[in-house]
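Okay, so here's the structure we're looking at.
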Amino acid sequence: MKCPDKNAILFFAEDPLHKYNADIASHIYMCPACGREFKLALEAVNCRADVSQSDIAAARKILGGKKEPERLSLWKKLKETVETLYADIFPADFFTPVLTPSMASSERGAGGDAEDFSRRREAAAIKIVFAAHEKATPNEFWRAELELPPTLLPSSKIAIKVTDRNGNAIESGTLILFNIPLAVRGGAAAITFEEFRAGMEIPVVKFIFDDRNTVDGNLIFV
């Protein structure tokens, strides 16, 4: 994407977790010039009483993604967000990838009762963005984004869009997500929701290009 204007960067600093800010989060993470503008915007926002400290802290994590504890905190947020929204279709032992017979019942929508399913249906989709680490060269940059609709079932396929720095599809390669290798063809990959939720305990994401160059990545937005 092109560099956002100062107003867009300021809006991002004010509300970093807004679903419309995922693209800006990815861009600021990689662009030094916009990173500097973002720092200035953060300082301005930090002086305002109407912006919560939790939002400021969330915005700082985009630049602070260089620190391992902050990286892991995003992975923790991903786990907690998914666990909360889809609690009705997975057991209490959330990361045990085994469905009980009651969960597989077609009469209950593959798990959970009608009330829980209705609650999920009204929720917003969870948007998730992964990207190459901050030291990746322009030719090494990759970005993978996906959405988890609220009505997912364990067997549902989740589409993953994989692009380069300019937003063009990466035609082929392998996305390693939670240590699961996913073939990328025409800028697209896929994973089942069962695989996704079982793998979240492993905070690993990377991309292997066709020339075997492997570029590590981070979770940068959820």
Side-chain angles (χ1 to χ4, degrees), residues 1-6 8-46 54-79 81 126-146 160-170 173-182 184 187 189 199-200 202-222:
M1 66 175 291
K2 295 181 179 179
C3 291
D5 61 29
K6 292 183 179 180
I9 293 176
L10 180 60
F11 173 67
F12 172 70
E14 292 171 340
D15 191 3
L17 302 183
H18 194 287
K19 64 180 180 179
Y20 295 121
N21 280 331
D23 289 339
I24 292 180
S26 177
H27 179 83
I28 287 175
Y29 186 78
M30 291 298 298
C31 178
C34 289
R36 289 190 292 271
E37 290 290 342
F38 181 48
K39 286 181 179 178
L40 293 174
L42 272 179
E43 295 307 316
V45 168
N46 199 25
S54 61
D55 278 350
I56 293 170
R60 289 188 184 280
K61 286 181 181 178
I62 299 302
L63 290 179
K66 291 74 176 172
K67 296 181 180 180
E68 193 65 20
E70 292 177 343
R71 283 199 192 107
L72 293 178
S73 70
L74 267 183
W75 288 92
K76 181 179 179 182
K77 179 188 173 187
L78 173 63
K79 172 185 175 295
T81 301
I126 302 172
K127 184 164 185 175
I128 302 164
V129 181
F130 304 94
H133 63 81
E134 66 274 9
K135 293 183 180 179
T137 67
N139 289 335
E140 293 177 329
F141 180 79
W142 59 267
R143 169 188 166 104
E145 57 183 296
L146 59 99
I160 305 173
K161 180 181 178 183
V162 185
T163 56
D164 62 17
R165 186 181 183 91
N166 298 315
N168 299 317
I170 295 179
T174 303
L175 177 67
I176 306 295
L177 182 58
F178 316 134
N179 270 349
I180 302 171
L182 305 172
V184 175
M200 285 191 303
I202 305 173
V204 172
V205 62
K206 60 183 72 176
F207 190 83
I208 304 175
F209 289 87
D210 282 342
D211 62 2
R212 309 308 298 171
N213 182 26
T214 301
V215 182
D216 290 335
N218 299 315
L219 171 62
I220 66 168
F221 185 88
V222 59

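Just so it is clear, the model here is predicted, and its values are computed rather than measured.
Distance check, rounded to the nearest 0.5 Å: NZ of Lys76 to OG1 of Thr81 gives 11.5 Å. Remark: Leu78 CG to Met200 CE distance equals 5.0 Å, nearest 0.5 Å. Atom-to-atom distance recorded for Ile220:CD1 and Glu134:CD is 11.0 Å, nearest 0.5 angstrom. Taken from CD1 in Ile126 to NZ in Lys77, the straight-line distance is 9.5 Å, to the nearest 0.5 Å.
Ile128 places none of its side-chain heavy atoms less than 4.5 Å from the side chain of Phe221. Side-chain contact check for Phe207 versus Leu182: every heavy-atom pair is 4.5 Å or farther apart. Side-chain contact between Leu146 and Lys161: absent, with no pair of heavy atoms (C-beta onward) separated by less than 4.5 Å. Side-chain contact check for Leu177 versus Phe130: some heavy-atom pair is nearer than 4.5 Å. Within the 4.5 Å cutoff, the side chain of Phe209 has no heavy atoms near those of the Asn139 side chain. Residues Trp142 and Ile170 meet the side-chain proximity criterion, which asks for heavy atoms closer than 4.5 Å.
Of all heavy-atom pairs spanning Val204 and Asn179, the tightest one is CG1-OD1, 3.5 Å. Scanning both residues, Ala169 and Gly187, for their nearest heavy atoms gives CB-CA, 3.7 Å. Here the closest heavy-atom approach between residue Glu140 and residue Ala132 is recorded as O-CB, 4.1 Å. Nearest heavy atom pair, residue Val205 against residue Trp75, reads CG1-CZ2, 4.1 Å. Smallest separation of non-hydrogen atoms from Asn218 and His133: ND2-CA, 3.8 Å.
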Exercise for review: Give the intermediate values and the outcome of side-chain contact (heavy atoms from CB on, under 4.5 Å) for residues Arg143 and Val129.
Suggested key: CA-CA 7 Å; Arg143 169 188 166 104; Val129 181; 3.7 Å; yes
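Across Asn213, Val215, Leu175, Ile176, a single residue satisfies side-chain contact (heavy atoms from CB on, under 4.5 Å) together with Ile208, and that is Ile176.
Side chain of Asp164 to main chain of Asn166: a donor-acceptor pair is present (N/O by atom type, distance under 3.5 Å, no hydrogens or angles).
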